[in-house]
Amino acid sequence: MSGPAGGTARAATTTDVVCLGESMVTFLPSQPGRLADVPSFGRGIGGAESNVACALAAAGHRAAWVGRVGADGFGDHLVETIGGYGVDTSAVRRDPERPTGIYFRTATDRGAGAHEVAYYRAGSAASAMSPANVPYEEVFAGRVLHLSGITAALSADCLELVRELTAPRPGRPLVSFDVNHRPHLWRGGDASVLMELARRCDLVFVGEDEAEEAWGIVGAEAIRAALPEPAVVVVKRGSAGATVFASGLRPGPRSSNAGGAEDDGAEFAPDTVTHVPALRVDVVAAVGAGDAFAAGFLSATLRGLPVRDRVRHGHLMAAAVLTVPGDLTEPPARDHADRLVALDDEAWGRLRLGPGWTAADRAPEEVRTP
């Protein structure tokens, strides 16, 4: 298979999810304060798609990450660290001409006014990804292909790549897309392209706040109305929880190509709308939660669980990350998470999770509020 034009007919796969995008080395502050005042930083990794891959692998799934890093020490660190989570990194390419991206951030919540992030990613190896240099055999090798809007914002070539990967074609895997609108990446660009991309996918994650900021659309129902094509749209509503719109397709042209937006003859069954409240969490650092939520939802999707349980697994995976300092952590054991997901609505509403809650010997009653 030489590229996207050749189609994507696939043999039986042993990979559950392939995640494609940029990963960077992140430097985490040793103490709160302005970047100008923080005396030292600890090294970690960050990247929406690789975060999802790592979380899925830690949860027992067969995950692969496809990306591009520099032929430098930071690239070595990324590949080794992501691989250490059990992620297949064999399709990662090294670029001898461009560096691996890095960034520094403060300890405050990303949404807080005092939060600072200093990115050094312009001209990075990942920004040179294009339809001409990505290994399509590996990209389409899983049951699910997970992408995000961050990749589309990195360069014109990256945008073209995401367009190619989301194009409808026979035999493509389920395409999952996290809108992940990052305003600083779209300065001088048109973030409305994220809607175009989302409409070509099968499963879409989008926050109410980013839909309003990027598209001027307010409210979960209006977001679904703007994204009628994806079979599943997950609207993240912050502390209010998440609302999922899941449609059934009646027989029609669109059903043969996994949800591409270009087919106009599809007929849609009415949506099933599921709302699941968020958990109360004692937050240590508000980073990585969106990626963890996507990983939890995808994990439960791969297991064929009901929509409500998919959202609850997303909330639990996000809570695991929110109660540690970095973007990644060991998720709760599957049986532990399943016990919590199975709680009735009243018991779910009483849960309050803090640091250490993922310990395998914690019973549901031990993580409830008094």
Side-chain angles (χ1 to χ4, degrees), residues 3-5 7-8 18-22 48-49 52 66 126-127 129-132 134 136 139-140 144-170 172-236 244-247 249 252-266 268 271 290 294:
T8 60
V18 176
C19 303
L20 178 145
E22 180 173 35
E49 300 84 2
V52 172
V66 178
S127 70
M129 288 189 295
S130 76
V134 163
Y136 281 84
V139 171
F140 289 114
V144 177
L145 171 61
H146 181 71
L147 307 167
S148 94
I150 294 173
T151 304
L154 296 179
S155 68
D157 282 343
C158 283
L159 174 56
E160 185 59 28
L161 172 63
V162 179
R163 281 193 168 118
E164 292 281 7
L165 296 179
T166 57
R169 54 173 57 85
R172 81 176 192 185
L174 183 149
V175 178
S176 166
F177 184 76
D178 192 336
V179 171
N180 252 328
H181 177 240
R182 297 289 184 265
H184 67 276
L185 291 177
W186 290 99
R187 289 172 186 157
D190 183 4
S192 66
V193 72
L194 293 173
M195 184 183 294
E196 168 203 330
L197 298 172
R199 294 181 65 182
R200 296 153 67 101
C201 299
D202 305 301
L203 166 59
V204 174
F205 300 95
V206 59
E208 276 191 320
D209 54 348
E210 61 186 350
E212 182 174 3
E213 186 171 27
W215 306 328
I217 297 173
V218 180
E221 291 76 13
I223 292 170
R224 177 49 161 170
L227 301 173
E229 293 86 359
V232 178
V233 174
V234 183
V235 180
K236 298 176 291 184
V244 179
F245 299 87
S247 69
L249 276 177
R254 182 174 171 270
S255 62
S256 66
N257 60 28
E262 278 78 357
D263 292 308
D264 296 325
F268 297 88
D271 274 336

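We count residues from 1, following the sequence as given. Worth knowing before you read on, the calculation uses all heavy atoms, side chains too, and leaves out hydrogens, waters and symmetry mates.
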Please report the interatomic distance CG(Leu203) to OG(Ser176), rounded to the nearest 0.5 Å.
4.0 Å
We want to know whether Asp190 and Ser192 form a side-chain donor-acceptor pair, criterion being a heavy-atom distance below 3.5 angstrom.
yes
Ignoring hydrogens, what is the shortest heavy-atom contact between Cys158 and Ser127? Give both atom names and the distance.
SG-O, 3.6 Å
Which heavy atom in Arg172 sits nearest to a heavy atom in Cys201, and how many Å separate them?
NH2-CA, 3.9 Å
Between Trp215 and Leu194, is any pair of side-chain heavy atoms under 4.5 Å apart?
yes
Rounded distance (nearest 0.5 Å) linking atom CG of Leu147 with atom CG of Asn180:
11.5 Å
Counterpart residues, side-chain contact (heavy atoms from CB on, under 4.5 Å), relative to Ala226 (two or more places apart)
Met195, Ile217
With sequence neighbours left out, the residues meeting ring-ring contact (aromatic ring centres under 6.0 Å, His included) with Phe177 are none
Quick one: closest heavy-atom pair of Gly21 and Glu49, and the distance?
CA-OE1, 3.5 Å
Kindly determine whether Ser247 and Asp271 satisfy side chain to side chain contact (heavy atoms under 4.5 Å, CB included), including the steps that lead there.
CA-CA 4 Å; Ser247 69; Asp271 274 336; 3.2 Å; yes
Interatomic spacing from CG in Leu165 to NE2 in His146 - rounded to 0.5 Å:
13.0 Å
May I ask you to test the Val18-Phe140 pair for a side-chain heavy-atom distance under 4.5 Å?
no
